[in-house]
Amino acid sequence: MTFDPKRRRFLKAGAASLATLPLAGCFDVAGDRDSTVRKVLMSANDLTYRVQRFLLNADALAQEFPATEIRQPMRPNGVTNPQDADYRALAANDFADYRLTIDGLVERPRQFGLAEIRSMSGRTQITRHDCVEGWSCIAMWTGVPLSYLLQAVGVRPTARFAVFSCFDTLENGFTGPIRYYESIDLRDAYHPQTILAHAMNGQKLPIANGAPLRLRVERQLGYKMAKYIHTITLTDSLAGFGEGSGGYWEDRGYEWFAGI
Ligand SMILES: Nc1nc2c(c(=O)[nH]1)N[C@H]1C(S)=C(S)[C@@H](COP(=O)(O)O)O[C@H]1N2
Ligand SMILES: [Mo]
């Protein structure tokens, strides 16, 4: 089956979980002051990806908060300590030998070391992370805008998606270990708040939250925000990745476009 964003229904998994699950985490999204837009969008189960894009305004910024709103540590979720040998080896050396690879439909595929990424002019943003399980956390993220890295490698005109391949294995399939992966379209990739974060709440990014680099794509749900990234591949089709639906959880039924 080829990937067709128009056929994806809106927030099926997200809306159901946010509405029905107990709120176990940092605070209650239902009581949040800016929930009106969300409620309207969440009720619109049959909106297409294209209509959501229109409603959400491709370039609008996600809300940012003052530091006083950071009330607790960022709650880690999903994989919090990858056991993969290649990851453990890098972690043992505090990621000194880590390289981020950017490949696929780019003019100049290359690798970036952490020191180089940390030295690039970055962005800090205090945003709210909404997990599909029904909890939210406000945290401060510092990183390099993905657009800077994309400019450095030169994205080819045929590219439509950025795919993030991660170190952590979630299960063992028939063909081998299945690692986490995610994808976003180029609109989100170039959005000013889309960053590869290397720091959180003013500290080096902890392993639990995705060290050494994790994605922040602030207008979508938490599962889009790939942790433990080793490669970003520019592509015109999601068919060659995982089961072809654009992400580990998308391959298991979650929406590809998880706008909030
Ligand atoms: N590589 C990887 N990325 C991941 C996950 C994961 O298990 N592995 N879980 C996702 C989910 S469901 C959420 S809510 C966030 C959790 O980020 P946190 O640990 O910083 O709270 O990471 C997302 N990215
Ligand atoms: Mo999540």
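In listed order, ligands and their atoms are each counted from 1. All residue numbers in this chain count up from 1 along the given sequence.
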Subject >> Donor + acceptor pair across side chains of Thr194, Asp188 (<3.5 Å) >> reply: no
Original post:
How would you list, by chain and number, the residues with a heavy atom under 4.0 angstrom from ligand 1?
Top reply: Met74, Arg75, Pro76, Asn77, Gly78, Val79, His129, Cys131, Trp135, Cys166, Asp168, Tyr180, Ala208, Asn209, Arg214, Gly222, Tyr223, Met225, Ala226, Lys227, Tyr228
Table please: side-chain donor-acceptor pairs of residues 108-116 below 3.5 Å, with sequence neighbours left out.
unit_1	atom_1	unit_2	atom_2	d
Arg108	NE	Ala152	O	3.3
Arg108	NH2	Ala152	O	3.3
Arg110	NH2	Glu116	OE1	2.8
Arg110	NH2	Glu116	OE2	2.9
Gln111	NE2	Thr101	OG1	2.8

Original post:
Do the ring planes of Phe95 and Tyr87 sit parallel (below 30°), tilted (30 to 60°) or perpendicular (above 60°)?
Top reply: tilted
Subject >> Glu218 and its side chain to side chain donor-acceptor pair (under 3.5 Å) partner, picked from His191, Gln125, Gln193, Arg128 >> reply: Gln125
Subject >> Ionic contact status for Glu64 with Arg123, cut-off 4.0 Å >> reply: yes
**OP:** List the steps, then state whether side chain to side chain donor-acceptor pair (under 3.5 Å) holds for Asp236 with Thr158.
**Re:** CA-CA 6 Å; Asp236 59 356; Thr158 46; 5.5 Å; no
